[in-house]
Amino acid sequence: MIYVSTRGQAPELSFEEAMLTGLARDGGLYVPAEIPTLSEDEIRALHGLSYEETAFRIMWPFLGGTFTEDEFRGCISRAYEGFGHAARAPLVQLEPGHFLLELFHGPTLAFKDFAMQLIGQLFQTALAKNGRRITIVGATSGDTGSAAIEAFRGLDNVDVFILYPHGRVSEVQRRQMTTPADSNVHALAVDGDFDTCQARVKDMFNDFEFRDEVGLAGVNSINWARVLAQVVYYFTSAVSLGAPERCVSFTVPTGNFGDIFAGYIARKMGLPIDTLVVATNQNDILHRCLSTGEYKPDGVTPSISPSMDIQVSSNFERVLFDALGRDGGAVGQLMDELKAGGFTVPQGALQALQEAFTSGRCSEEETLATITEMRDLTGELLCPHSAVAVKVAREMRDPAIPMVSLATAHPAKFPDAVEQASHIRPGLPERMADLFDREERFTRIADDLGAIEALIRERRAH
Ligand SMILES: *Cc1c(COP(=O)(O)O)cnc(C)c1O
């Protein structure tokens with residue numbers, strides 16, 4: 001199994017190299033050269049299996065010998081043992097023919113745990129085998145940083161440094177980053193906003209001397225291993241609704257396009273998915289692009305579903321690559337145009353995108369109204385991101401085909417919006433009810449590259 005860059009100019013890599021590298025050297029994203037498929041019999045054989053066993057069967061063909069079967073099974077088992085639900089990704093019925101896939105039972109209560117917990121184990125296993133140490137550095141506006149810290153805390157061959165904007169993340173998000181006591185976890189509260197944090201991380205990756213000295217690595221959402229981990233729950237949910245005999249559709253609250261891209265891969269692997277619906281909030285650049293072919297960023301408007309507040313959707317490049325007939329040069333050209341302000345998807349490629357995806361948008365008022373309505377109809381409290389999906393799903397769905405809406409975060413992660421809509425203040429699950437009593441540990445630091453690098457040199461284990 002080899003991996004190629006969406007811009008066609010970087011070397012082909014193995015699974016392990018693509019996972020540890022992240023971004024390709026030509027600025028592109030790694031994708032498998034070809035997608036392995038499962039036969040109908042192989043899909044049928046998934047009925048009744050555990051989440052972990054399904055995960056093994058779906059992901060194994062993509063690994064190309066990086067790990068032994070036992071090593072990989074061990075990684076999967078450790079990745080999901082800390083989840084608060086035996087099914088890992090349980091399916092709940094909302095109304096006839098409409099289901100909610102609860103992806104918020106992981107340690108930080110958001111779907112990012114599915115991928116992050118697994119790559120923590122995969123990194124650790126790969127590094128232990130070749131005796132390397134790495135330093136993971138990431139910037140976060142909240143969710144990704146806590147998921148990364150939970151995934152890498154306590155691992156032997158990794159130090160993790162997360163930069164977050166001081167005073168600008170929610171209390172739950174901050175406490176999830178500052179309360180782990182493990183010595184390899186370092187939460188840095190930067191004087192600045194999220195863009196400042198992200199810019200300093202970029203600067204560190206561009207400082208090649210520093211990068212090599214500390215073995216810098218990234219775990220942002222373009223990492224192929226993260227996408228792969230998310231393919232699994234499309235299979236487990238579709239199979240429990242009757243696949244391969246029955247088709248299923250999915251609606252996905254979308255930002256960086258990683259989660260819905262995993263659904264697209266599941267369909268290419270042979271899972272009978274009828275429709276993949278991209279649901280956006282008021283930051284609807286993806287909805288507009290899929291409708292008209294115009295991709296023109298025009299500034300982010302902060303919303304109550306902040307993890308979807310994006311303008312440049314990094315994983316969208318991966319579907320563009322397919323839609324453009326896997327022509328890396330054509331992808332590179334569109335990405336150059338994006339730097340200059342925006343691009344127009346060529347007609348043939350737009351048609352291919354519209355065959356693969358449909359899309360819808362949900363305003364702030366509609367998000368709140370959906371939380372209220374679903375509380376009344378079902379008793380289920382939705383987080384604002386999940387409400388965006390449910391609203392768009394109800395608008396678009398075909399009653400003859402089961403629709404699964406993805407619930408990407410626990411309502412207690414966004415208590416203010418949920419309370420405003422439902423008059424119920426959602427509580428944290430019992431296993432983390434003491435979050436507000438745990439001791440916090442973080443380092444406040446100026447927005448100064450030299451100071452940040454010096455701190456990382458000093459704090460990481462040698
Ligand atoms: C990251 C995130 C999303 C968006 O997922 P993408 O893969 O970036 O499209 C949606 N909801 C929540 C709660 C998230 O944390």
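Keep in mind it's a predicted model, so treat the numbers as computed, not measured. Start at 1 and go down the list; that is how both ligands and their atoms are numbered. We number each residue from 1, following the sequence as shown.
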Indicate yes or no: does an N/O atom of F257 lie under 3.5 Å from an N/O atom of ligand 1?
yes
With ring centroids as reference points, do Y264 and F357 lie under 6.0 angstrom apart?
yes
Starting from atom 1 (C) of ligand 1, which protein heavy atom do you reach first, and at what distance in Å?
K112 NZ, 1.5 Å
Give the atoms of ligand 1, by number and element, whose distance to some non-hydrogen atom of P253 is under 4.0 Å.
4 (C), 10 (C)
Any chance the side chains of E294 and T344 put a donor and an acceptor closer than 3.5 Å?
yes
Tell me whether G258 has any N or O atom under 3.5 angstrom from an N or O of ligand 1.
yes
With only distance considered, is M308 within less than 3.5 Å of ligand 1 through an N or O on each side?
no
What protein heavy atom sits nearest atom 5 (O) of ligand 1, and how far away is it?
F111 CZ, 3.5 Å
Given side chains that start at C-beta, do those of R361 and N281 come closer than 4.5 Å, heavy atoms only?
no
Between the side chains of T367 and E364, does any donor sit under 3.5 Å from an acceptor?
no
Is there any N or O on H385 that sits under 3.5 Å from an N or O of ligand 1?
no
Which residue supplies the protein heavy atom nearest to atom 12 (C) of ligand 1, what is that atom called, and how far is it?
T408 OG1, 3.4 Å
Nearest heavy atoms of V300 and Q311, plus distance in Å:
CG2-CG, 3.4 Å
Below 4.0 angstrom from a heavy atom of D259, which ligand 1 atoms are there? Numbered from 1 as shown, please.
7 (O)
Note: ligand 1 atoms sitting under 4.0 Å from heavy atoms of T254 are 9 (O)
Proximal ligand 1 atoms for A409, defined as those under 4.0 Å from one of its heavy atoms:
13 (C)
Would you call E95-R394 a salt bridge at under 4.0 Å N-O?
yes
Side-chain ion pair, D298 and R288, N-O less than 4.0 Å:
yes
Relative to each other, are the rings of Y3 and W224 parallel, tilted or perpendicular (30° and 60° limits)?
tilted
The protein heavy atom nearest to atom 9 (O) of ligand 1 is G255 N, 2.8 Å
Could you tell me whether H105 and F83 have their ring centroids closer than 6.0 angstrom?
no
For atom 6 (P) of ligand 1, which protein heavy atom lies nearest, and how many Å away is it?
N256 N, 3.5 Å
